[in-house]
Amino acid sequence: MAASLRLWRLKPSRIPRCPVASGFSSGAPAGSGPQPQLEKLTSARQLDGVRHIILNNPKKRNALSLPMLKCLRDDILHDIESKALRVIIISAEGPVFSAGHDLKELSSEQDMKHHIEVFETCAEVMTLLQKLPVPVIAKVNGLATAAGCQLVASCDIAVASEKSRFATPGVSVGLFCSTPAVAVGRALSRKVALEMLFTGEPISAHDALLHGLLSRVVPEDKLEEETMKIARKICKTSRSVVALGKATFYKQMALDLDAAYRMTSQVMVDNLTLKDGQEGIEAFIQKRKPTWSHSVNTACK
C-alpha cells in the first residue's frame with residue numbers, strides 16, 4: 001500500500017534556480033515596500049486552486065532558452081505540495097506559444113558542456129510535468145514548434161485555439177527534433193509523428209486534435225473559458241485521489257497488459273484506504289456532496 005500511495009512523490013531536482021526573476025503571485029495583497037523590477041521570462045499567479053504560468057518573452061517567440069526553462073521549473077515547483085494547488089495551466093504571451101530552443105544557445109559559440117546542459121534541463125522539465133501531483137494543462141493560442149510542441153505534448157491536457165499550429169521543423173535547419181520526438185511520438189501515431197519530423201511541416205489544430213496531440217480545439221475567444229471549465233472541474237475533486245490516479249496512469253502505460261492490471265488493481269484497493277476514497281463513497285451513498293480532506297492519510301478503521 002505504501003508504495004502506491006508514494007507514487008507521485010517528487011525527487012529533488014538537479015536544475016539550478018532561475019537566474020532572473022520569474023515572479024509569483026498568490027493573488028494575496030502585495031507586500032510592503034517597492035519591489036525591484038527585473039526581467040521576467042515567465043510570470044505566475046495562483047487563485048482558487050489554479051496556477052497560471054505564462055511564458056513571457058514574446059520578442060524572442062517564447063524560446064525555451066536555458067533561463068526560460070529554469071524559470072518555468074521554478075514556477076512549476078513553487079509550493080508544489082500545498083493542498084491549495086489543484087491544477088497548473090501553462091500559456092504564453094504573443095502570437096507564438098513557443099518556438100522551441102534558442103538556436104543561439106546551440107551554436108558553435110557555446111561548448112558541448114553547455115549544449116548538454118540545455119538538453120538535459122529541457123528533458124528534466126518535460127518529464128517533471130508528468131511526475132507532478134496535480135494535472136498540467138497547456139493553453140495554446142498560436143504556433144508551437146520543436147521543444148514548444150514538445151511542451152504541449154508533455155502536458156496532461158492540451159487545449160488550443162483554432163488558429164494554433166504545431167510543428168517539429170528542426171530537420172530544416174539541420175538539427176533533427178530527436179528530443180521533441182520523445183513526447184510527440186508518444187502523443188501522436190507513429191506515422192503522423194514521423195511525417196512531422198521528416199518534413200518539418202506544421203499541422204493545424206484540428207489535425208493535432210484528430211491525431212491525439214490535443215484534448216480539444218475551441219474558437220480563440222472561448223479559449224480561456226473552455227480551459228478554465230476543465231480546471232474548475234478538477235478543482236472539485238480530491239487532490240490526493242487525482243495525484244494517485246495520475247501517477248498510476250503514467251506508470252501503468254509502461255507495463256504490459258497483465259502487469260498493468262495487477263498494479264492498478266492493487267492501487268484501487270489502496271485508493272479505498274484513503275480518507276477521501278471513503279469520503280467519496282459515503283457521500284454518494286448518503287446522497288450528499290463530498291467534503292474532501294485532500295489528505296494522503298488513510299481512513300481510520
Side-chain angles (χ1 to χ4, degrees), residues 52-55 57-58 61-64 68-69 72 76 87-101 122-123 125-130 132 135-173 175-231 233-234 246 249-250 253:
H52 298 265
I53 301 175
I54 303 167
L55 308 182
N57 195 13
R61 296 163 62 89
N62 294 312
L64 294 180
M68 172 74 89
L69 288 166
L72 179 58
I76 290 169
V87 61
I88 294 172
I89 298 174
I90 299 176
S91 60
E93 288 288 346
V96 177
F97 177 78
S98 175
H101 289 295
C122 183
V125 171
M126 298 298 172
T127 56
L128 172 65
L129 297 175
Q130 295 180 1
L132 296 174
V136 182
I137 305 173
K139 185 179 77 171
V140 185
N141 188 31
L143 182 66
T145 65
C149 187
Q150 179 185 2
L151 178 58
V152 175
S154 298
C155 290
D156 304 308
I157 298 169
V159 184
S161 65
E162 293 172 326
K163 74 175 188 179
S164 299
R165 295 184 302 155
F166 305 85
T168 51
V171 69
S172 302
V173 297
L175 183 63
F176 198 85
C177 286
S178 294
T179 47
V182 174
V184 172
R186 283 163 169 75
L188 285 77
S189 68
R190 181 179 300 183
K191 287 179 172 58
V192 174
L194 286 172
E195 181 179 342
M196 291 179 66
L197 291 161
F198 290 155
T199 67
E201 288 296 308
I203 63 173
S204 68
H206 285 291
D207 281 343
L209 175 64
L210 176 66
H211 296 299
L213 182 63
L214 299 176
S215 308
R216 63 177 70 179
V217 175
V218 299
E220 183 177 4
D221 62 356
K222 296 289 186 181
L223 181 59
E224 174 69 16
E225 177 186 343
E226 293 300 318
T227 305
M228 285 303 298
K229 278 184 182 179
I230 298 172
K233 286 182 180 179
I234 294 171
K246 174 178 172 175
F249 175 83
Y250 286 114
M253 288 294 288

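As the structure is a prediction and not an experimental result, all values here were calculated from the model.
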Before giving the answer on side chain to side chain contact (heavy atoms under 4.5 Å, CB included), spell out for V217 and S204 the whole-Å C-alpha distance, their side-chain angles and the decisive distance to 0.1 Å.
-> CA-CA 10 Å; V217 175; S204 68; over 6 Å; no
I would like to know whether V192 and L210 meet side chain to side chain contact (heavy atoms under 4.5 Å, CB included); could you show each step before the answer?
-> CA-CA 11 Å; V192 174; L210 176 66; over 6 Å; no
Could you go step by step and tell me if R61 and L143 meet the side chain to side chain contact (heavy atoms under 4.5 Å, CB included) rule?
-> CA-CA 9 Å; R61 296 163 62 89; L143 182 66; 3.7 Å; yes
Report the C-alpha distance between F97 and L151 in whole Å, list the side-chain angles of each, state the deciding distance to 0.1 Å, and finish with yes or no for side chain to side chain contact (heavy atoms under 4.5 Å, CB included).
-> CA-CA 10 Å; F97 177 78; L151 178 58; 3.9 Å; yes
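By the side-chain contact (heavy atoms from CB on, under 4.5 Å) test, A181 pairs with L197, sequence neighbours left out.
If you take NE2 on H101 and CD on Q150, they are separated by 6.0 Å, rounding to the nearest 0.5 Å. Rounding to the nearest 0.5 Å gives a distance of 12.5 Å between CD1 of I90 and OG1 of T227. Atoms CD and CZ, on Q130 and F249 in that order, are 9.0 Å from each other to the nearest 0.5 Å. Remark: L223 CG to K163 NZ distance equals 9.5 Å, nearest 0.5 Å. Rounding to the nearest 0.5 angstrom, the gap separating the CG atom in L188 from the CG atom in L213 is 5.0 Å. Taken from CG in L132 to NZ in K246, the straight-line distance is 5.0 Å, to the nearest 0.5 Å.
With contacts defined as side-chain heavy-atom distances shorter than 4.5 Å, the pair V125/L64 does not qualify. A heavy-atom distance below 4.5 Å is not found between the side chains of C177 and T145. At a threshold of 4.5 Å between non-hydrogen side-chain atoms, the residues V136 and I76 do not count as touching. For the pair D156/L129, no side-chain contact is recorded, criterion being any heavy-atom separation below 4.5 Å from C-beta on.
E93 and N62 are not linked by any side-chain donor-acceptor pair at a separation below 3.5 angstrom, with hydrogens and angles left out of the test.
When all heavy atoms of P135 and V87 are compared, the pair lying nearest together is O-CG2, 3.4 Å. A pairwise comparison of heavy atoms in A146 and P169 identifies N-CD, 3.7 Å as the closest pair. Across all non-hydrogen atoms, the minimal contact from S161 to N141 is OG-OD1, 2.7 Å. G200 and A167 make their closest contact through O-CB, 3.9 Å (heavy atoms, listed as atom of the first residue, atom of the second, distance). Closest approach of A153 and A187 over heavy atoms only: CB-CB, 4.3 Å. Across every non-hydrogen atom of F198 and V171, the tightest pair is O-CG1, 3.7 Å.
Heavy atoms of other residues, nucleotides or ligands lying less than 6.0 angstrom from CD of E195 number 12 at most.
At least one donor-acceptor pair closer than 3.5 Å links the side chain of S164 to the backbone N or O of V140. Counting only distance, with no hydrogens or angles, the side chain of S215 and the backbone of V159 share no donor-acceptor pair below 3.5 Å. A side-chain donor-acceptor contact under 3.5 Å links T168 to the backbone of M196.
Each of E220, E225, E226 was evaluated against K222; a single residue qualifies, E225, per the salt bridge (Lys or Arg N to Asp or Glu O under 4.0 Å) test.
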